[in-house]
Structure formats: C-alpha cells, structure tokens
Amino acid sequence: MQKNLVIVESPAKAKTIEKFLGKDFKVMSSYGHIRDLKTKEFSIDIEHNYAPQYVIPADKKKLVSELKSEAKAAEQVWLASDEDREGEAISWHLYEVLGLKPENTKRIVFHEITKNAILHAIETPRDINIDLVNAQQARRVLDRIVGFELSPILWRKVKPALSAGRVQSVAVRLIVEREREINEFVSEAAYRIIANFTLPDGTTILKAELSKRLKDKKEVMEFLESCKSASFSIDEITKKPVKKSPAPPFTTSTLQQEAARKLGYSVSQTMMIAQRLYESGLITYMRTDSVNLSDLALGTSKEAILETYGEKYYKFRQYHTKSKGAQEAHEAIRPTYISNTEISGSAQEKKLYELIRKRTIASQMADAELERTTISVCINNKKEKFVAVGEVITFDGFLQVYRESYDDENEKEQENGLLPPVELHEVLSLNDIVATERFTQRPPRYTEASLVRRLEELGIGRPSTYAPTIQTIQNREYVIKGDKDGVERVYSVITLAKDKIKEVDKKEIVGADRNKLMPTDIGTVVNDFLMSYFPDVLDYNFTASVEKEFDAVAEGDMVWTEAIDKFYKLFHPIVEETAAVKTEHKVGERQLGVDPKSGNPVFVKIGRYGPVVQIGQAHPDDKEAPKPQFATLMKGQSIETITLEEALKLFDLPRTIGEYEGKDMVAAIGRFGPFIRHDGKFVSIPKDMNPLSITAEEAIELIDEKRKKDEQRFLKKFEEDPELEILNGRYGPYITYKKANYRIPKTVTNPEKLTYEECMKIVTEAAEKPAATKKRTTKKKA
DNA sequence: CAGTGAGCGAGCTTCCGCTTGACTT
C-alpha cells in the first residue's frame, strides 16, 4: 500500500517531484481542472443563488477514477496544485470529487520546483482556503454569465456562431479602435535639418542635426539662405555617463514578445516550443506571470557569470512583478540548469532555449555603462544650434549577453555612433545642409505579441489564455492577421551645397504592414454593437474592477454570490432589453441607395457567411415574390466604406470574359478569392488583378501559366509504390506518401534524382519523429 | 503550409482558465 499520494497539476512536474520525495511518495497529476461547468449548457442556477452545476468532462473520467482509487489506497493525500486562485479551486474540486477526508488530506504549496522548497512545503501544510476557492468560483461564474448571455444576442442580431466574452471582446475592441485611430490620423510634416561639417584638419566629417525641426519650405529656404553667409563653430562639448539596466527574466507575455521580435515566432508557436522544452526538463514552467528567480537559480546564475565573464559583470538583482492581477504561482521562465549552455532538440527549440538562457543570465548582470557626448555647433547669425550626439560603451555589462528588442522604430533608441575628437571654439567649414521632409507616424497596428502586452497591462487574460484568445478572435473572423500595402508618398529634400540651394522630390512607401492584426467588418460591427449596449463589460477597466471584488472574496470580506448578484442585477436586464428590441434591420446594416435597374433598395450587411450586398428585401411569407439578390464583398472592401457603384458592380459576377479553345472563361469569387473557371478547371486570380476588369488575354495567360505549373508539379513517380510521389509545391519540392507530406532535407540538391529507397528513408525517419507525423486538420465547419 | 472554388429560410453555435493527449477490442 502507498503511504503518500501527492497530486500536482502538471505531469512533468509530477515526474520531477517524485524524484525529490523518495519512494514513500507517489506523485500524480490532475492535468489541470478536473471539473467544470457543462460545456453546452448555462449550468448556473440563477434562482438558487447562482449555484454552479459542475461536471467531470468525459475525457477526465478515467483519470478521476484512477485518482480516486489511488487516494483511497493512500494513508495521506497531499493536494499540491498551484498557489493561486485556480490552483486552490483545483484542490477543492479534487477534495470534493475524490471524497477525501479532512484527517488525512493536506494542502501544500510551493512556487519553485526544488528539493528544499518541496520538503519545506511538506513540513508546513495548511487547509484548503475556501475564500480563495470562492473567488475562483465567482470568476468562473461571471465569465460564464457574460459569455453565455452575450453570445446568443450576437447570433440573433449579427451572425450565428459568434461569441463575446470578458477577455476576447476587449481584445477585439483594442484592434478596432486602433484601426480607427489609424484611419483618422493626419500626419504632419516638418523638415529635419542635417549639416555635414569638415573639421579644421580638412578631412574629418562631423554630422549634426539642427536642434529644432522647421515647419515648412519657406522657413527652410530662409534658414538655408542665411546659412550661406554664416560661420560655424563648436561652442559646447558635454560628456555624460549613462547607465542601462537589463530587463527582468521572462514571463509568458515577455517571452512571447521577444520570441516574436527576435525569432519571428507567433504567440502559439512560442508556447508549443516552450512546452516541449518544459516537458524535456530544460526550462521551468512556461505559463507564468512572475519575474521571480529561485535562490537556486540566483546562485547558479552567479556562478555562471563569475566563471564566464568575471566578477565585474555580476550584479545581484531581485525583480518584482508590476503587472496587474499577477498571481505568481510559479517562477519566471528560466533554464532548469543555467550551466546547460547547449541543448539537443530542433533548431527552433535551441533558439528559444538560448533566448531564455541569455535573458536569465543578463538579468543578473551588471549595468552597461555608456558615455554620451554632445557637441553643439553654433551659427554666428542665428540662435539655433546644430547638435551631434555620440555614444560610446565604456563597459558593456549585460549587453555582452542580451539586448532587448523594440516593436517599432518609434521605440527604438537612436543608434548613436562614435564622434570624432573636437576642440571647443573650433571653427568648422560647412560642406552641405540637407533638409528632409519628415512626417509624424500613425499609431502602429497590433502584432499578436504587442496585443498580448497590452492585454497584460490592462490585467486582462492570463498566461494560459493569451495564445488561445488570439486564436479565438481570429477564428471568429473578428480580426485577421495580414499584410497591408503601403502608399507612395512624395517628400521633398532641400540641399544647400556650395552656396547653391537645390530642391528635389523623392518618393517613399509608407504605412506598409506585415503580419499585423486588423479588424474585419464582422469584428467592427460586433464591437460597435457591444459598445453601445454593454459599455461596462467592454470597458478597459472592467476586469480590473471585478478583480477587486474577487480579491475581497478571497480575503473573506465579501460573499462570492453577492458579488455575482450585484453584477447580474445590472447586467441581465440590459440583456433582456437588448434581446427584446425588434429590429427590422441587422446590426451594422447600411443602405447604399437604389438599384437603377429594378428600383429596389441596395444595402450591405453581415450575412450568414460574412459581409454581403443585397438588392431587394426578402418576403418570407410570399413565395411568389422575387427573391433578393446577393453578392459577397471583395477582399479589401468594407461595409463601412463601399459605395453604391462598387456594390452594384459586384453583381456583374460571375462574368463571362471570353472564349479560349472553344470553351467559356468565367470570372467569379469563391471561398478562397477570385478565380477563373475554364473547361472545368479553376485558376486563381492574383491579388493585383480584379475579376471585374480582367481581360480575356490576361485570363488566357493565367490559364497557360497554371497548366505549365501543373505539368511541373510531378517531379517523379515510382513504380515500386504508386502512393509515393515527388511533387513541386509552393515551397519547393516535397515528398507525398499516403496523403501525408514530407520535407526533403536541404542537403539534397537534386530532388528528382532521389531513389525509391532514399524517399522511403525520409518518410520513415519523419514518421518516427512524433512532431512531424501529426497533421492538423482544422475543421472550421461542422 | 503543399490546394481549395456557395450560399443567405433550417438547426446548433457561446465564456475563461487550468492542463495535455490521441478511440478500444
């Protein structure tokens, strides 16, 4: 019989702890929550004081019965779930479901997985904190009420299968509002003035910028004109020491941000890779909001720094979490063993590990020291000055290991180089002055990672939900991650050189974006709807204010059902009212005008499958009445901005554009964008062409291109096995075998020369690696 | 990642937060 049963949340953690505790302890994992509200029902009994109806999900039944029998057999059960609200609730559910008894059940907590921490926890057990559990129930019930009362309203008023929630709806709001700011943004121009001087030695160049920008061309002309006869001399040299400190160790959110900036990983990619590192025992837990390092980690970091860089580079630092609502059940994300400089694994895993290791080490290193030199050049007939700033690193400190990245150019600190040695009052000769027209920048669109950062700042969402939330708002098609073409802008450059002023216009592309989050029509309509009826829930401070109540519950100062009741009494009547409003028109519907052909009204709205134009009304009761006509909006069109003319044009599709080889060519828009159908085959119309304006010649060219590509698609077939083929895909050659695809190693230069045996070797080797065998088949529709 | 290609009157959708697995005979 087992003496002790310890239950933790994660199986990887269970494995580690079992080693520390010895053979008198069996350690099992609950795999997170073991009980929850029903998935398909409201499951809250409003009439009976918001009593939640918990069930054990089907995929947890087997686990729960195993836990139950192990618990029954054990002399002592130790509930060791995380030391936060959710963890406390997990322990409580375990206690209830497993039928544990108070006399042989103990609750223990530790927030670092070290032998000392665990042994200490075993020595200092406590009871389940029911106040904390109730705070979790309040959180759970509130989220269910908000989600399950708001979503059905959207199904009725906007589109089926939509969703709303405390977290996702605010995430969408951030993106919608940012896009509006961008649309309303008016950039302002000003001239940046840069002068190149030659020092008295006759060769060295000093580059300096005018201390202020000039408003317009007239001002620039006047300024340059007066510079013709001016003399320039150095009137001030200042040197100032500057210090820079390292960033704290990673939390989930900062790891996601840095992995996106430095390695280009998406938020979910980062989490998957980190999960593998965690399961291999290489890093600590990857879902955390804490920047705290264990004493063990602090000690080994110190050793590593002293050994590799020397004492001068070491500085003991303790970080404190600043983010709102942090619960700090875990440590910061760090290598399990700092001394592990190299790991085995995929290239991605290695890169992420290296990032985590460097960040951890740097966080315990000395400040970098810089010397900032400012040289100011005065103009004898003006009070403005030219200024040159240079920076020299006098001691690199943590910079030797790690440098934090920035999201966009605005945030990036200017890279100041080294300045040439100069003397005070030295007279300089002017080479040229270049005035470049610069524009203020619009606010940046969110990336996945910058959205996570914003949500964290607002205290909305948790480390375990950042990645799923971003997935959800994209699945619902509230936002899309995509690219935006920039627009060409003309700016002028005015140069003074050799006493002559010259002006040229130059062109630049601005506002182009890659992989940024942008709202869709659906997202915008849903957001506007929720904002007008439920501004309190969409308020950026809603989560923060309910968290305050949950804190009061956790402290025992408030009964959780009263907190919920307070909210429900305000919230539910609005839900009822909103649902009761009979609307003839869908939310977001907009009439564009009248169809000149039929005289029927033309309007745009969110249809069952997304944004559409509709001509004429439906007459559900009259079967004889003419049916309305529909047309889907094209990519880039929006129900907010589309005009009547543009909308009517969409009805020209499908459009016969001519004949080729005796068969009609028809242009239309399908599920995956514009295409041409010809002789039963489909050819996509590229982004820079329009199905409404494409000519027969262009279409024939596309068809021929497609045929050529299809021919080249089959690189090689094998007689040994017809299911094995080498194909040419969008991303180069690949092997396909039994409906699965396999990458050809980069070392192979002539894929078409691969033999049957070589191909099968690639296939079987890939199949052995667990990651490659899995093929995600994402089903959108039921 | 590796090729798809409507429809707008018929049937169930949805929340947030913990955690990973992968039918059973």
Side-chain angles (χ1 to χ4, degrees), chain A residues 8-13 29-37 39-44 59-60 62-63 81-82 84-87 89-90 93 136 139-155 159-169 275 278-279 285 287 327 329 460-466 468-469 472 476 543 586 605-610 612 614 618-621 623 627-632 654 668-677 681-684 710 713 727-736 740-743 770 773-776 781-782:
Chain A
V8 295
E9 288 181 40
S10 141
K13 204 168 167 180
S29 160
S30 75
Y31 293 83
H33 278 291
I34 52 145
R35 207 162 63 148
D36 192 13
L37 302 174
T39 51
K40 309 241 168 200
E41 286 168 41
F42 193 56
S43 292
I44 298 162
D59 59 340
K60 284 284 173 75
K62 195 169 153 233
L63 169 75
S81 48
D82 298 344
D84 57 13
R85 208 160 60 196
E86 299 296 327
I90 288 172
H93 281 299
Q136 192 274 346
R139 199 279 306 155
R140 182 68 190 93
V141 166
L142 177 103
D143 282 338
R144 174 52 68 89
I145 291 173
V146 171
F148 274 43
E149 296 218 336
L150 285 185
S151 300
I153 297 183
L154 296 179
W155 306 342
K159 196 174 105 98
L162 292 179
S163 64
R166 174 176 60 82
V167 174
Q168 57 168 287
S169 296
Q275 175 88 31
Y278 169 66
E279 283 170 6
Y285 198 56
R287 290 187 276 264
Q327 308 202 6
I460 299 172
R462 308 260 35 241
S464 67
T465 59
Y466 295 137
T469 300
T472 301
R476 301 272 175 276
T543 291
K586 287 285 261 313
K605 64 175 190 182
I606 303 291
R608 298 211 312 128
Y609 306 102
V612 283
Q614 182 177 342
H619 301 279
D621 308 325
K623 290 222 161 112
K627 281 191 175 174
Q629 284 180 281
F630 295 93
T632 311
I669 297 179
R671 238 155 87 50
F672 307 97
F675 67 92
I676 298 160
R677 191 175 52 225
K681 292 206 170 91
F682 296 89
V683 184
S684 290
D710 283 347
R713 209 177 142 234
L727 299 180
N728 222 339
R730 259 216 301 177
Y731 305 92
Y734 65 98
I735 295 171
T736 181
N741 299 315
Y742 303 89
R743 178 178 297 167
T773 53
K774 253 190 293 184
K775 240 199 111 186
R776 275 196 77 84
K781 285 177 193 166

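Naming convention: chains lettered A, B, ... in sequence-line order (proteins, then strands); numbering from 1 in each chain. Just so we're clear, the structure is a prediction, and the values are computed from it rather than from any experiment.
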Look at all strands and tell whether A/S163 reaches a base, only sugar-phosphate, or nothing, counting heavy atoms closer than 4.0 Å. sugar-phosphate
Stacking between A/W155 and the base of B/dT14 (centre distance under 5.5 Å, interplanar angle under 30°)? no
Out of B/dT13, B/dT20, B/dC15, which has the shortest distance to the side chain of A/R140? B/dC15
Choose from B/dC15, B/dC8, B/dT20 the nucleotide whose nearest atom is closest to any side-chain atom of A/T472. B/dC15
Base B/dC8 to side chain A/R608, donor-acceptor N/O within 3.5 Å cut-off: no
Ignoring the backbone of A/P152, work out which of B/dT14, B/dG17, B/dT19 is nearest its side chain. B/dT14
Here the distance between atom P of B/dT19 and atom CD of A/Q275, to the nearest Å, is 9 Å
Are OP1 or OP2 of B/dT19 and a side-chain N or O of A/Y285 less than 4.0 angstrom apart? yes
Checking B/dC18, B/dT20, B/dC15 against the side chain of A/R476 (C-beta onward), the nearest is B/dC15
Between B/dC8, B/dC18, B/dG17, spot the one nearest the side chain of A/T632, thanks. B/dC8
To the nearest Å, how far apart are A/R139 CZ and B/dC15 P? 13 Å
Nucleotide nearest A/F675 (side chain, heavy atoms from C-beta), chosen from B/dG5, B/dC18, B/dT14: B/dG5
Between the CG atom in A/D36 and the CZ atom in A/R144, the distance rounded to the nearest 0.5 Å is 6.5 Å
Separation of atom CG in A/D84 from atom C1' in B/dG17, rounded to whole Å: 10 Å
With respect to the side chain of A/F148, which nucleotide from B/dT13, B/dC8, B/dT14 is positioned closest? B/dT14
Checking B/dC8, B/dT20, B/dC16 against the side chain of A/Y31 (C-beta onward), the nearest is B/dT20
For A/S10 and B/dT20, is the shortest distance between a side-chain N/O and OP1 or OP2 below 4.0 Å? yes
Any side-chain N or O of A/Q168 below 4.0 angstrom from OP1/OP2 of B/dC15? yes
So, does A/R287 get its side chain near the phosphate of B/dT20, meaning an N or O under 4.0 Å from OP1 or OP2? yes
Within less than 4.0 Å of OP1 or OP2 of B/dG17, is there a side-chain N or O belonging to A/Q136? no
A/I90 has an atom CD1; how far is it from atom C1' of B/dT19, in whole Å? 8 Å
Of the listed B/dG21, B/dT13, B/dC16, the closest approach to the A/K40 side chain comes from B/dT13
What I'd like to find out is whether the side chain of A/E41 reaches to under 4.5 Å of the side chain of A/F148, using heavy atoms alone. no
Considering all heavy atoms of both residues, which atom of A/S29 and which atom of A/L63 are nearest to each other, and what is their separation? O-CD1, 3.6 Å
Rounding to an integer number of Å, can you tell me how far A/H93 NE2 sits from B/dC16 C1'? 13 Å
With distance as the sole criterion, is a donor-acceptor pair present between the side chains of A/R476 and A/S163 under 3.5 Å? yes
Classify the side chain of A/S684 versus the base of B/dG3 as yes if they form a donor-acceptor pair under 3.5 Å and no if they do not. no
Pair A/R462, A/V167 - check side-chain contact (heavy atoms from CB on, under 4.5 Å), show working. CA-CA 10 Å; A/R462 308 260 35 241; A/V167 174; over 6 Å; no
Would you tell me if any nitrogen or oxygen in the side chain of A/R166 comes within less than 4.0 Å of OP1 or OP2 on B/dG17? yes
Rounded to the Å, how far apart are A/I44 CD1 and B/dT14 C1'? 13 Å
If you assign each of A/L150 and A/S29 to its closest nucleotide in DNA chain B, which residue comes earlier from the 5' end? A/L150
Looking at A/R462, does any N or O in its side chain come under 4.0 Å of the phosphate oxygens OP1/OP2 on B/dC18? yes
Are any of the side-chain heavy atoms of A/Q136 and A/H33 separated by less than 4.5 Å? yes
How far does CZ of A/R287 sit from OH of A/Y466, to the nearest 0.5 angstrom? 13.0 Å
Taking only the side-chain heavy atoms of A/S464 (C-beta and beyond), determine which of B/dT19, B/dA6, B/dC16 contains the nearest atom. B/dT19
Classify the nucleic acid contact of A/L162 as base, sugar-phosphate or nothing, counting any heavy atom under 4.0 Å across all strands shown. sugar-phosphate
